[in-house]
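What follows is one structure encoded as structure tokens, with my remarks underneath.
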Amino acid sequence: MDYFFFIDLIQSTVDGLLFGTTYALIGIGFTLIFGVMRKLNLAYGAAALAGTYIGLVVFLMFDAHPALVFLASALGSGLIGLVVYLCCFRFTPSNYPMASLLASVGMLLFIDEVVIHASHGLPYPYPSVFRDAIIELGDVWVRGDLLFVFFMCVVAMAALFWLLYRTPLGLATRAVSQQPRAAQLCGIDVTRVNMMTFGIAGVLGGIAGAMTAAAVGVLSPVIAMGLTVKGLIVVVIGGLGSIPGAIIGGLLVGAAENIFLLLRGVTERDIYVMLLLFIFLTLRPGGLFGSAQTRD
Amino acid sequence: MLEIADIKTSYGKIAALKGVSLDIHDGGLTCLLGPNGAGKTTLIWTIAGILKAQAGSMKIDSEEILGLKPHQIVSKGIVTVPENRLVFPDMSVRDNLIAGAFSRRKEKGGIEGDLEDVLTRFPRLRERSEQMAGTLSGGEQQMLAVGRALMARPKILLMDEPSTGLAPIIVEEIFEIIGGLRDEGRTIFLVEQNAHMALKYADRFYLLEQGRVTFSGEPGAVDHDEVIQRAYLGARKAS
Ligand SMILES: Nc1ncnc2c1ncn2[C@@H]1O[C@H](COP(=O)(O)OP(=O)(O)O)[C@@H](O)[C@H]1O
Ligand SMILES: [Mg+2]
């Protein structure tokens with residue numbers, strides 16, 4: 001293997017790992033919601049993107065500071081997460097999973113349509129920070145903007161862990177995802193925990209959306225499909241319901257995607273990512289951290 | 001006192017409770033016996049607010065509480081140790097106990113002290129306090145489920161078949177724990193298949209058969225053998 005190819009490979013892996021943290025966040029969002037409700041929210045990626053657009057609106061209307069734009073994206077996505085919960089999950093019968101699944105598909109299409117109409121399907125500039133900063137580690141360059149994306153996503157994960165393991169709400173969330181009946185018997189209001197989980201997952205999705213846009217400096221409606229599909233791949237690889245699984249899965253998909261890009265080019269990249277998904281579905285359907293398939 | 005009157009609960013079209021009335025007196029062990037499928041667990045879940053009753057009434061100290069949500073029932077002081085224990089498997093023993101005090105999370109202090117009390121009451125839980133609850137033995141999980149319920153400072157403790165699935169020697173231990181709780185003056189409502197053991201400890205008992213209370217009394221005043229036989233097998237014909 002010649003030296004320059006080797007450097008390219010390292011470079012692709014580093015970039016992929018840094019950007020993979022956004023996939024990890026989306027995967028965590030899917031996993032959190034699945035954890036407490038044992039239901040998949042397919043509108044999650046679209047809601048995250050719509051939230052990111054709320055940040056864009058703040059940017060375009062007020063020419064706001066990037067920090068404010070990111071904040072508006074995160075909070076906006078959290079708010080849309082709550083709306084999705086109320087529309088698709090709160091009132092659908094709990095013993096009929098297909099109802100909320102299909103409702104969330106409807107919501108995915110609806111949100112997607114709204115975003116495409118509002119943006120005329122066109123990409124818009126989105127604030128990006130540390131674009132010109134480069135850290136040189138020998139022949140491998142670490143891009144400042146990607147490092148920022150990585151940093152923000154890691155901070156979001158750390159905040160989530162703090163919430164889950166250091167606060168009463170976190171204890172309640174863990175209790176509901178492990179044993180919802182017993183959680184109720186402990187005096188935990190499961191409906192409230194479910195709602196808070198949609199809000200928190202929404203905020204994480206908004207951060208992932210904002211960082212995805214910040215990494216390239218543009219926000220485009222096509223990102224919605226990417227977020228949804230990558231998020232689902234990440235949770236299949238990591239194991240649905242496992243947060244560490246989502247993190248590892250996100251980094252793995254990020255790195256693998258970039259290596260495929262280097263080796264096979266942009267047209268074939270996604271084929272290989274899907275192949276990776278296929279391999280996991282056949283050989284290890286429970287994912288890396290395959291939590292038990294049943295409960296109770 | 002918890003007064004339950006004419007409770008009816010069904011699963012779809014199948015009526016599991018066909019008008020159950022019973023009283024749980026303060027300070028004492030009230031026992032509910034009955035064969036498999038009689039509706040004992042259905043009654044527990046109905047009292048806990050998890051299953052909805054179609055009709056009836058449930059009053060604690062004369063306040064109607066039927067129809068409240070499960071977490072509201074807990075804040076009324078009615079706390080359940082469920083069938084099959086249902087501990088949080090991937091949480092430490094300590095976190096399981098702290099989760100039990102969730103309804104008291106806004107209280108200043110008190111919880112740490114109660115945690116200490118529970119760990120003193122169950123030394124085996126103290127030894128394993130950092131261990132994941134899913135790795136405990138059946139008997140230890142049962143102690144944990146009881147300890148978790150005590151963390152809520154219950155006025156009335158409901159227990160659904162705490163001895164089921166445990167080795168005889170552990171069953172003795174669990175009943176000693178229950179007897180100990182009764183002797184502290186706590187109010188306990190115990191659902192049991194093991195009528196033989198339950199009648200030794202009960203102050204009052206009810207017999208539930210096919211969704212109806214068919215018999216009640218005090219253990220001293222009845223023929224244990226007949227009660228035990230009906231509790232295991234059900235009556236030939238329901239009265
Ligand atoms: N989830 C359920 N769906 C339908 N029927 C049920 C369900 N759970 C219990 N039953 C029925 O209700 C009756 C009472 O059950 P249960 O309360 O579990 O009895 P016990 O605890 O006394 O053994 C039984 O006939 C049982 O088959
Ligand atoms: Mg039962």
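Quantities reported herein were computed from a predicted structural model and do not represent experimental measurements. Per chain, numbering begins at 1; letters A, B, ... match sequence-line order. Both backbone and side-chain heavy atoms feed into the values below; hydrogens, waters and symmetry mates do not.
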Interface moiety of B/Ala99 toward chain A, non-hydrogen atoms closer than 4.5 Å: both
Max heavy-atom pair count under 4.5 Å with chain A, selected residue of B/Pro89, B/Gly49, B/Ala101, B/Ser103: B/Pro89
Interchain contact, B/Thr80 with chain A, by part (heavy-atom threshold 4.5 Å): both
Criterion side chain to side chain donor-acceptor pair (under 3.5 Å) against B/Ser163, the qualifying member of B/Glu192, B/Gln142, B/Glu173: B/Glu192
A/Tyr165 and A/Phe161 aromatic ring geometry - parallel, tilted or perpendicular at 30°/60° bounds: parallel
Most chain A-contacting option - heavy-atom pairs closer than 4.5 Å, from B/Gln72, B/Arg148, B/Met151: B/Arg148
Over 12 non-hydrogen atoms of neighbours within 6.0 angstrom of CZ in A/Phe150: no
Donor-acceptor under 3.5 Å (A/Thr52 side chain, A/Ala48 main chain): yes
Portion of B/Ile98 that has a non-hydrogen atom of chain A nearer than 4.5 angstrom: both
Which of A/Ala182, A/Ala172, A/Ala183 touches chain B most, by non-hydrogen pairs under 4.5 Å: A/Ala182
B/Val87 portion near chain A, given a 4.5 angstrom heavy-atom threshold: backbone
Parallel, tilted or perpendicular: rings of A/Phe30 and A/Tyr44 (30°, 60°): perpendicular
Minimal non-hydrogen separation, B/Arg153 against B/Gly110, with atom names: NH2-O, 4.1 Å
